[in-house]
Amino acid sequence: MRRLRTSETEPVGQDSFLDVVTNIVGIIILLVMVVGLRVQHAVSEKDSTDDPPPANEELEKQLAAEQRRAVALESELLKMARETENLEALETTLKRERLEAATVA
């Protein structure tokens, strides 16, 4: 009886696929490095030509307005929470009354 010889080599194209993937990864790494260098140079150029910061008075006014708005929203939220609690208590009471009416009838 003859034995069949089995080929223990990898299929054709497997090696070239790995080469393509490796090349793509290498290109991506190079692109990330180039972009990082450009960003670093852009930031350093911006720091060297930085103008003085804007007046703080306008920013303080905006901050105060936002703080007032936050306080108003918080008080409105607390008011809604109290109303929710009241409605839940009313719902419990009405359910109990409805149950009592159903058992009496």
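All of these numbers come straight from a predicted model, not from anything done at the bench. In what follows, every heavy atom counts, from backbone to side chain, and hydrogens, waters and symmetry copies are set aside.
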Would a single hydrophobic cluster contain both V71 and L63, if residues Ile, Leu, Val, Met, Phe, Trp and Tyr are joined by side-chain heavy-atom contacts under 4.5 Å? no

Check which hydrophobic residues are tied to L73 through side-chain heavy-atom contacts below 4.5 Å, counting indirect links as well, and list them. none

Could you give me the CA-CA distance, side-chain angles and deciding distance for R38 and V34, then say whether side chain to side chain contact (heavy atoms under 4.5 Å, CB included) is met? CA-CA 6 Å; R38 284 189 180 182; V34 168; 4.2 Å; yes

Considering only Ile, Leu, Val, Met, Phe, Trp and Tyr, and joining two whenever side-chain heavy atoms are under 4.5 Å apart, list the other residues clustered with I27. L31

Pair listing, salt bridge (Lys or Arg N to Asp or Glu O under 4.0 Å) test, anchored in residues 84-94, at least two apart: E91-K95

First locate atom CG of L37, then atom CE of M33, and finally report the distance between them rounded to the nearest 0.5 Å. 6.5 Å

Sequence-distant partners of K79, salt bridge (charged side-chain N to carboxylate O under 4.0 Å, His left out), two or more places apart: none

Please name all residues satisfying side-chain contact (heavy atoms from CB on, under 4.5 Å) with R96, sequence neighbours left out, ordered by chain then number. T92, E100

Above 12 or not: heavy atoms from other molecules or residues under 6.0 Å from CD of E58? no

Determine which pairs satisfy salt bridge (Lys or Arg N to Asp or Glu O under 4.0 Å) with at least one residue from residues 63-75, sequence neighbours left out, and list them in order. E66-R69

